Amino acid sequence: MKLLPRIEAEGGADWLARAATQSLIDEARLSPKPGLVDSRGNGAHHDLTLELMERSAHSLTPTFQALAQQSWLRPVDVALRQTIGRLGREGEQQMMAATGGVNTHRGAIWALGLLVSAVAMLGGSGPAEEITATAAKLAQLPDEAAPKVFSKGLRATHRYRVPGAREEAQQAFPHIMKLALPQLQQSRQRGGSETAARLDALMAIMTSLSDTCVLSRAGLEGLETMRTGARNVLQAGGVAHPHGWQALADLDRQMLALNASPGGAADLLAATLFLDRLTTPYLAN
Ligand SMILES: CC(C)(COP(=O)(O)OP(=O)(O)OC[C@H]1O[C@@H](n2cnc3c(N)ncnc32)[C@H](O)[C@@H]1O)[C@@H](O)C(=O)NCCC(=O)NCCS
Ligand SMILES: Nc1ncnc2c1ncn2[C@@H]1O[C@H](COP(=O)(O)OP(=O)(O)OP(=O)(O)O)[C@@H](O)[C@H]1O
């Protein structure tokens with residue numbers, strides 16, 4: 001009897017880790033994404049390829065598994081926050097070792113890592129609202145051991161006075177809960193392909209996110225191009241509609257011309273697909 005929670009934790013952690021990795025692979029392969037790495041090619045990135053993204057995703061499975069195992073049925077407190085901070089940073093090192101020093105998934109480790117921990121804290125399942133609220137509580141706690149580095153993302157949030165990856169998590173992932181998941185469901189109900197529904201969900205995130213990847217590479221012009229272009233796609237009826245498809249191709253051209261890539265939006269799409277996978281049984285693997 002005493003062994004039961006541990007067995008559940010191990011099986012559950014393994015399943016969650018594989019689901020998180022699969023969500024990263026689904027996001028990377030989804031095409032055509034404006035400016036991002038996808039099945040067609042490297043987008044606006046010179047140091048990234050689809051093969052590298054997939055290798056990186058696989059290298060992160062043990063990190064997600066450790067995050068889930070350590071968080072299983074634990075309450076939100078500073079001790080757990082410090083444990084997942086350490087595991088997240090070790091995951092970044094695994095990623096860097098797997099990619100030869102290229103940042104393929106830093107933002108994704110943050111968002112998915114918090115969500116994997118949050119589901120595990122809830123015993124392996126729960127409604128998306130509860131999972132994101134639990135992840136937010138974790139993200140709000142201080143992590144004293146975090147190195148004081150001045151990252152590109154932090155620089156962009158200060159320079160442009162906008163929220164970034166930290167704030168998105170601390171606010172319980174509003175771009176996932178209010179935009180991406182509802183759009184995914186709405187586009188599926190309209191009867192287009194699953195690819196079109198996922199691209200529409202990405203567009204929904206891009207209509208509003210302050211993506212610090214875009215800001216760092218292309219400033220406010222890049223951010224405005226991203227938001228307006230994504231709005232045009234959805235207003236034209238989404239990617240499944242010929243006019244929406246055309247608007248997506250236009251946006252892809254504009255983003256490439258500006259060297260802009262919405263890496264933050266891509267991370268949040270991967271996190272959306274992870275939550276969708278947890279709550280949509282037919283997608284479970
Ligand atoms: C919080 C993180 C993402 C650092 O953020 P910061 O903005 O300072 O840095 P950086 O520019 O390196 O990375 C930000 C990344 O977030 C993504 N992103 C960009 N904008 C946004 C946004 N508005 N919302 C969400 N994600 C975004 C992009 O992929 C971007 O590359 C993270 O690296 C971190 O501090 N991790 C610490 C380890 C930890 O505590 N982990 C716990 C969970 S595993
Ligand atoms: N399909 C994708 N294509 C490109 N980036 C992605 C994709 N999916 C997620 N990302 C996110 O985008 C981020 C990489 O963006 P970027 O290369 O602009 O970051 P950087 O290394 O900080 O900047 P730079 O490459 O300009 O030095 C990663 O943190 C990753 O999480």
Side-chain angles (χ1 to χ4, degrees), residues 20 23-31 33-39 41-50 52-54 56-57 60 63-64 66-68 70-71 80-93 95-96 99 101-118 135 138-139 141-158 160 162-171 173-176 202 205-206 208-218 222-223 259-271:
S23 305
L24 288 178
I25 293 172
D26 288 351
E27 179 276 305
R29 288 183 183 169
L30 183 70
S31 301
K33 299 192 300 287
L36 290 157
V37 175
D38 63 19
S39 298
N42 306 351
H45 296 267
H46 300 296
D47 53 356
L48 298 180
T49 62
L50 182 61
L52 205 62
M53 301 299 290
E54 294 198 11
S56 166
L60 292 170
T63 292
F64 293 132
L67 282 164
Q70 293 291 327
S71 306
L80 180 59
R81 174 70 187 88
Q82 280 174 1
T83 300
I84 69 153
R86 177 178 52 77
L87 291 171
R89 283 186 288 278
E90 285 170 10
E92 285 187 20
Q93 281 167 13
M95 168 192 82
M96 289 297 191
T99 63
V102 180
N103 166 24
T104 38
H105 281 125
R106 182 171 295 132
I109 298 172
W110 167 250
L112 273 171
L114 286 166
L115 292 172
V116 165
S117 281
L138 272 177
L141 286 172
D143 177 16
E144 305 294 349
K148 308 275 175 278
V149 286
F150 209 66
S151 61
K152 274 190 190 170
L154 212 51
R155 200 170 300 135
T157 57
H158 286 191
Y160 298 103
V162 292
R166 274 183 199 76
E167 291 75 17
E168 177 70 15
Q170 287 167 350
Q171 291 164 16
F173 296 99
H175 286 84
I176 299 178
L202 177 66
I205 298 169
M206 288 165 58
S208 145
L209 194 72
S210 300
D211 192 320
T212 59
C213 288
V214 174
L215 284 169
S216 301
R217 285 161 161 260
L223 193 72
N259 189 37
S261 172
D267 296 336
L268 294 176
L269 178 68

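When a ligand or atom number is given, it counts from 1 through the structure's own listing order. Residue indices begin at 1 and follow the sequence shown. Fair warning: this is a prediction, and the values are worked out from it, not measured in the lab.
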Any side-chain heavy atom of [X] within less than 4.5 Å of one from [Y]?
X      : Y      : value
Leu67  : Gln70  : no
Asn103 : Met96  : yes
Ser216 : Arg155 : no
His105 : Thr99  : no
Leu48  : Asn42  : no
Leu154 : Arg166 : yes
Lys33  : Met206 : no

Output, or 'none' if empty, a list of ligand 1-protein atom pairs in which both atoms are N or O and the distance is under 3.5 Å, rounded to 0.1 Å.
residue: ligand 1; atom: 8 (O); partner: Ser151; partner atom: OG; Å: 2.5
residue: ligand 1; atom: 8 (O); partner: Arg166; partner atom: NH1; Å: 3.0
residue: ligand 1; atom: 8 (O); partner: Arg166; partner atom: NH2; Å: 3.3
residue: ligand 1; atom: 9 (O); partner: Ser151; partner atom: OG; Å: 3.1
residue: ligand 1; atom: 11 (O); partner: Gly153; partner atom: N; Å: 2.7
residue: ligand 1; atom: 12 (O); partner: Arg106; partner atom: NH1; Å: 3.3
residue: ligand 1; atom: 20 (N); partner: Thr212; partner atom: N; Å: 3.1
residue: ligand 1; atom: 20 (N); partner: Thr212; partner atom: OG1; Å: 3.2
residue: ligand 1; atom: 23 (N); partner: Ser210; partner atom: O; Å: 2.8
residue: ligand 1; atom: 29 (O); partner: Asp267; partner atom: OD2; Å: 2.4
residue: ligand 1; atom: 33 (O); partner: Glu92; partner atom: OE2; Å: 3.2
residue: ligand 1; atom: 40 (O); partner: Arg81; partner atom: NH1; Å: 3.1
residue: ligand 1; atom: 40 (O); partner: Arg81; partner atom: NH2; Å: 3.1

query = Does Thr157 reach the main-chain N or O of Pro163 with its side chain, forming a donor-acceptor pair under 3.5 Å?
reply =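 A pair under 3.5 Å: no.
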
Near ligand 2, which protein residues have a heavy atom under 4.0 Å away?
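Residue list for ligand 2: Glu27, Lys33, Leu36, Val37, His45, Leu48, Met53, Asn103, Thr104, His105, Arg106, Gly107, Ala108, Lys152, Cys213, Arg217, Gly263, Ala266, Asp267.
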
Partner of Arg217 under side-chain hydrogen bond (donor to acceptor under 3.5 Å, both in side chains), picked from Thr212, Asn259, Asp211, is Asn259

